[in-house]
2 protein chains.
Amino acid sequence: MAKAKKKSSRDRILDAAEKLFAQHGFDGVTMRQIMRAAGADVALAYYHFKSKRDLFDAVMLRRVELLNEIRLEALEDLERRHKDNPPTVEEIISAFVNPLLELLAREQGKWRHYYALIAQINNSTEFGGELMTRYFDPLVKRFIGALRRALPECDERDLFWSYHFLSGALTLTFAETGRIDNLSGGICRSDDMDAANARMPAFIAAGFKALCVPRKQSAPKRAKRKTVSRRARK
Amino acid sequence: MAKAKKKSSRDRILDAAEKLFAQHGFDGVTMRQIMRAAGADVALAYYHFKSKRDLFDAVMLRRVELLNEIRLEALEDLERRHKDNPPTVEEIISAFVNPLLELLAREQGKWRHYYALIAQINNSTEFGGELMTRYFDPLVKRFIGALRRALPECDERDLFWSYHFLSGALTLTFAETGRIDNLSGGICRSDDMDAANARMPAFIAAGFKALCVPRKQSAPKRAKRKTVSRRARK
DNA sequence: GTCTATAGCTTGATAGAC
DNA sequence: GTCTATCAAGCTATAGAC
């Protein structure tokens, strides 16, 4: 807020769109709503971005580059500090998660909406597979490489499924939906990202270490679904 | 497919709505699209359900009761088998997850779309807090009670955050978005729920056990975000 | 229960003045 | 860059015939 008083209309449109897309999804928002929030006419949105979908893509693209850059830097810093012995699983997870907190601390409102948007995309059948792959997989593969070195005898499939569980836990947590507030009767709060961050790396790292161990066969033992009762028809 | 050839139009509308809502979200689908897929006129939808929102609620409600009932039964069966000593964390998680697989095996197509819908709702800022609380929290509290007994010295907040991580991992996994297929270069498949189920309980149980341990103080140690580099401005 | 027909509005997008 | 004005299309929802 020091110098940045003169914000371009393009940025104000992106800000308004980011917030509204995060709250209601791509189809839950109209260009008119966005432009009302941005304080300008609809036609201006089509001047800067030629369609609603292009505006959406611009919202996504605006932050993803910085986010990935900072995460990569966190990982490289970590590896530099551990010249020979690889860093621990927990340290690697922290390098993946901490930058999200750091950015949140920098500009409270903006990143919060962005994370909520990512959570929706990650869990969307329509966009999840495609967009998450396009925007995040190069970085994620880099992190998985580090995890592979920290868990040298790990089966590849266990590694990918473990990351998948991490991804689900992470995006839901940063979506701040308010559910944990209700479930816990108020003793946990969705917007308490420090509380989440104090717990997630330990939780996730334990999962990786439990799953990514050498096996007799490379395939995991199959659970037998024995907990389902025999009266399993309606 | 044995006997059920005569399906009521009400059910055909619900089936079509379930599939389309799961694929594109509430606002991403029109009543016309739904009724085109259901093979009847739009007006019929308003006859059976009086609004689009009511149709959506009916889609949600149709399956949630059976789902929760079977899960509760799985937990009660488990506890019955462990009269005195409480079941393990992993067994409890399996009782929470296995019924999803069981229902999927019963009616492939239907539940698959339903799970994808749940994943979107769970991660929606707009509906997540409210709807997940309304539909699932009674059952979830029952499971958390069982986990509390299996982890007797656990801090309450650790318990709720652990469940939160479980919830994110679980809903994303059952959404089958196709992302893990891309990320893993094809060696893991989103629709291979047996592979997911073989891994998730072990992963999640390890997380619970790592986090839910007695501490010196009840508050967890704060991570210091030390992995973020000093050059953290754009 | 199921359809036709239509009301009343909102949508994404554009043409063109300034 | 920004606005006014407008379009064709599609939207939710209802009234009323059968």
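Every chain is numbered from 1, with letters handed out A, B, ... down the list of sequences. Just so it is clear, the values below take in all heavy atoms, side chains as well, and ignore hydrogens, waters and symmetry mates.
As a whole-Å value, the separation of A:Leu44 CG from D:dT4 P is 12 Å. When the P atom of D:dG1 is taken as reference, atom CZ of A:Arg10 falls 10 Å away, rounded to whole Å. Put simply, CE on A:Met35 is 13 Å from C1' on C:dG12, counting in whole angstrom units. Spacing between atom CG of A:Leu55 and atom P of C:dA13 amounts to 10 Å, rounded to whole angstrom units. The separation between A:Tyr47 atom OH and D:dA5 atom P is 22 Å, rounded to whole Å. What separates CZ of B:Phe49 from P of D:dA13 is a distance of 14 Å, to the nearest Å. Here C:dG12 presents its P atom at 14 Å from CZ of A:Phe56, a figure rounded to the nearest Å.
Remark: side-chain polar atoms of B:Asn182 are paired, donor with acceptor, to backbone N or O of A:Gly129 under 3.5 angstrom. Here the side chain of A:Ser184 pairs a donor or acceptor atom with the backbone of A:Cys188 at under 3.5 angstrom. Side-chain atoms of A:Tyr115 do not come within 3.5 Å of backbone N or O of A:Glu176 as any donor-acceptor pair. For the pair B:Gln33 (side chain) and B:Thr30 (backbone), a donor-acceptor distance under 3.5 Å is present. No donor-acceptor pair under 3.5 Å is formed between the side chain of A:Tyr114 and the backbone N or O of A:Gly109.
Along DNA chain D, the nucleotide closest to B:Lys50 and the one closest to A:Arg12 are compared, and the more 5′ of them pairs with A:Arg12.
Seen from the ring of A:Trp111, A:Arg63 counts as a face-on cation partner, given the 6.0 Å and 45° thresholds.
Contact annotation: A:Tyr46 side-chain N/O to C:dT14 OP1/OP2 distance is not under 4.0 Å. Within the structure, a side-chain polar atom (N or O) of A:Ser9 is placed less than 4.0 Å from OP1 or OP2 of D:dT2.
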Could you list, one pair per line, each protein nitrogen or oxygen that sits under 3.5 Å from a nitrogen or oxygen of nucleotides 5-11 of chain C, together with the distance?
from   : atom 1 : to      : atom 2 : distance (Å)
C:dT11 : OP1    : A:Thr30 : OG1    : 3.4

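In this model, a donor atom of one side chain and an acceptor atom of the other lie less than 3.5 Å apart for A:Glu126 and B:His24.
Relative to the side chain of B:Ser51, the nucleotides D:dA13, D:dC3, C:dA13 differ in distance, and D:dA13 lies closest.
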